[in-house]
Amino acid sequence: MKTILVSICFFLTFTLTAIADSTSLKKPHEFFIQGGSGLSTALYTPTYGERGSGFGGLFGLGYTYYVSSRWGINTGVNVSYYNSTYKADIVHEKYLVPDVQRPADLPPGNWEINADYKHYNEIQSARLLNIPLMVQFLQPIGKENYLYASAGFKIGIPLDSRFTSETDSLFTSYRNIESGDIINLPTQANFTYNGNLNIYVSYMITAEVGIRWPLAKRWGLYAGAYFDYGLNDINNDAGDRMITYNPATGETIYKSALQSSSNNVTVDGSVHLMAIGLRVKMAFR
């Protein structure tokens, strides 16, 4: 986090210096609407099973203040979508439940809960409000076209994040620690569950390169490629169980593999956001 703050301070110092040294322009303000799509996902390494990347997109509004004919400072807001998947042949969960936390339909005693998911599949998705702060450079190519490049930082504020899990079958059993008695619950076939994820704000570096074409006297079209990479771990639920029981409500709660500290499924390290794709901007200056 200290490195991120130092980098942001350096970036702000550069941009403010550029403003102080800027020349007088007749039209220094440029407004644009934008949309984009590409690989937009969460990066992490599960100890078992397989993570998959997903596609996402973005749309939003932006503003560029040109401090000279070629240099500008870019900001705005956009809503971005991220998707990833996880799958495993077998997921096994086992943990101890003390007597005071046991399900109400079990006899008194301490119990061991065992749950087996067969052919487990999960889709993880998140929607973030991204706010960038970037430096943009224009290089003329031909009479009216420009090559543009921009780089900077972006903060991503979570709007919502959730998961959907599916499994061919879920088998759950309870074993009494004292007596050894085993209670098998009916197998749940084609089990599906929708739940929420809890993620932190994401701090990202971002870059973009492309071409700007003039459309009319004050209109222009930007088309290019972008890349975002999250610098911090966004996983706020690590170390939980994939299946738990809430004695206060009597509810069985199912969790994501991202949240898991199960016997054979945990996230090895941190979870970062990453996006790479194509973006189009319609600009008015």
Side-chain angles (χ1 to χ4, degrees), residues 34-61 76-89 91 93 117 119-132 154-168 170 190-206 225-244 251-262 265-280:
Q34 62 179 329
S37 182
L39 191 68
S40 187
T41 191
L43 300 177
Y44 61 92
T45 303
T47 56
Y48 173 76
E50 181 180 339
R51 183 204 69 87
S53 297
F55 286 87
L58 64 91
F59 68 91
L61 303 173
V77 293
N78 63 73
V79 177
S80 296
Y81 297 86
Y82 301 84
N83 293 283
S84 57
T85 62
Y86 171 80
K87 64 179 181 179
D89 289 336
V91 175
E93 175 72 279
Y117 298 83
H119 297 155
Y120 182 85
N121 291 277
E122 181 176 304
I123 298 174
Q124 302 135 5
S125 61
R127 184 166 57 103
L128 277 71
L129 180 68
N130 287 337
I131 304 173
K154 181 181 294 184
I155 181 172
I157 302 171
L159 298 177
D160 62 66
S161 52
R162 60 192 63 204
F163 72 94
T164 298
S165 60
E166 297 179 348
T167 183
D168 287 354
L170 172 60
N190 300 317
F191 179 75
T192 301
Y193 185 81
N194 297 301
N196 294 319
L197 296 169
N198 188 14
I199 63 175
Y200 292 115
V201 170
S202 180
Y203 301 94
M204 295 172 271
I205 55 173
T206 180
Y226 66 91
F227 174 74
D228 300 335
Y229 182 77
L231 300 175
N232 63 307
D233 183 6
I234 63 168
N235 194 5
N236 194 19
D237 269 340
D240 214 331
R241 295 289 185 179
M242 288 189 69
I243 180 170
T244 60
E251 178 187 10
T252 300
I253 302 171
Y254 302 92
K255 294 286 189 175
S256 164
L258 271 180
Q259 305 162 311
S260 172
S261 62
S262 299
V265 180
T266 57
V267 173
D268 184 13
S270 53
V271 180
H272 299 265
L273 293 180
M274 188 276 290
I276 183 169
L278 302 177
R279 188 195 320 256
V280 176

Engineer: For the atom pair OG (Ser37) and OH (Tyr226), what is the distance rounded to the nearest 0.5 Å?
Structural biologist: 6.0 Å
Engineer: Is a donor on one side and an acceptor on the other found under 3.5 Å between the side chain of Asn83 and the backbone of Phe55?
Structural biologist: yes
Engineer: Any idea which heavy atoms bring Gly230 and Met204 closest together, and the distance?
Structural biologist: CA-CG, 3.5 Å
Engineer: Take atom CD1 of Ile155 as the centre, draw a 6.0 Å sphere, and report whether it contains more than 12 heavy atoms from other residues, nucleotides or ligands.
Structural biologist: yes
Engineer: Verify side chain to side chain contact (heavy atoms under 4.5 Å, CB included) between Glu122 and Thr164, making sure each step is shown before the conclusion.
Structural biologist: CA-CA 6 Å; Glu122 181 176 304; Thr164 298; over 6 Å; no
Engineer: Using the six-membered ring of Tyr86, assess whether NZ or CZ of Arg51 lies under 6.0 Å from its centre and within 45 degrees of the ring axis.
Structural biologist: no
Engineer: Taking C-beta and beyond as the side chain, do Arg162 and Leu197 meet within less than 4.5 Å on heavy atoms?
Structural biologist: no
Engineer: Would you call the rings of Tyr193 and Phe163 parallel, tilted or perpendicular, taking 30° and 60° as the class edges?
Structural biologist: tilted
Engineer: Quick check: do Ile205 and Lys154 have side-chain heavy atoms less than 4.5 Å from each other?
Structural biologist: no
Engineer: Under the criterion side chain to side chain contact (heavy atoms under 4.5 Å, CB included), I'd like the reasoning laid out for Asn78 against Ser80: C-alpha separation, chi angles, the key distance, then a yes or no.
Structural biologist: CA-CA 6 Å; Asn78 63 73; Ser80 296; 2.8 Å; yes
Engineer: As a quick check of understanding, evaluate side chain to side chain contact (heavy atoms under 4.5 Å, CB included) for Val280 and Gln34, giving each step before the final call.
Structural biologist: CA-CA 6 Å; Val280 176; Gln34 62 179 329; over 6 Å; no
Engineer: Indicate yes or no for a side-chain donor-acceptor contact from Asp233 to the backbone of Val271 under 3.5 Å, with no hydrogens or angles considered.
Structural biologist: yes
Engineer: With rounding to the nearest 0.5 Å, note down the distance linking CG in Leu43 to OG in Ser53.
Structural biologist: 6.0 Å
Engineer: Would you give the length of the straight line joining atom OG of Ser270 to atom CG of Leu231, rounded to the nearest 0.5 angstrom?
Structural biologist: 11.0 Å
Engineer: How far apart are the C-alpha atoms of Asn232 and Tyr203, what are their side-chain angles, what is the distance that settles it, and do they pass the side chain to side chain donor-acceptor pair (under 3.5 Å) test?
Structural biologist: CA-CA 6 Å; Asn232 63 307; Tyr203 301 94; over 6 Å; no
Engineer: Give the minimum heavy-atom separation between Thr41 and Ser84, together with the two atoms involved.
Structural biologist: OG1-CB, 3.4 Å
Engineer: Rounded to the nearest 0.5 Å, what separation is found between the CG atom of Leu258 and the CG atom of Asn235?
Structural biologist: 5.5 Å
Engineer: To the nearest 0.5 Å, tell me how far Tyr229 OH sits from Thr206 OG1.
Structural biologist: 14.0 Å
Engineer: Would you call the rings of Tyr120 and Tyr117 parallel, tilted or perpendicular if under 30° counts as parallel and over 60° as perpendicular?
Structural biologist: perpendicular
Engineer: Minimum heavy-atom separation for Ala275 to Ser40, with atom names?
Structural biologist: CB-OG, 3.9 Å
Engineer: Verify the ring-centre separation between His272 and Tyr44: is it less than 6.0 angstrom?
Structural biologist: no
Engineer: Please report the closest heavy-atom contact between Leu128 and Ser202, naming both atoms and the distance.
Structural biologist: CD2-CB, 4.2 Å
Engineer: Could you tell me whether the side chain of His119 reaches within less than 4.5 Å of the side chain of Asp89, counting heavy atoms only?
Structural biologist: yes
Engineer: Could you go through the side chain to side chain contact (heavy atoms under 4.5 Å, CB included) check for Thr192 and Glu166 one step at a time?
Structural biologist: CA-CA 4 Å; Thr192 301; Glu166 297 179 348; 3.8 Å; yes
Engineer: Does the side chain of Thr85 reach to within under 4.5 Å of the side chain of Asn121, using non-hydrogen atoms?
Structural biologist: no
Engineer: Using a 4.5 Å cut-off on heavy atoms from C-beta on, say whether the side chain of Tyr82 contacts that of Arg127.
Structural biologist: no
Engineer: Find the distance between CG (Asp228) and CG (Leu58) and round it off to the nearest 0.5 Å.
Structural biologist: 8.0 Å
Engineer: Could you tell me if the ring centre of Tyr254 sits under 6.0 Å from that of Phe191?
Structural biologist: yes
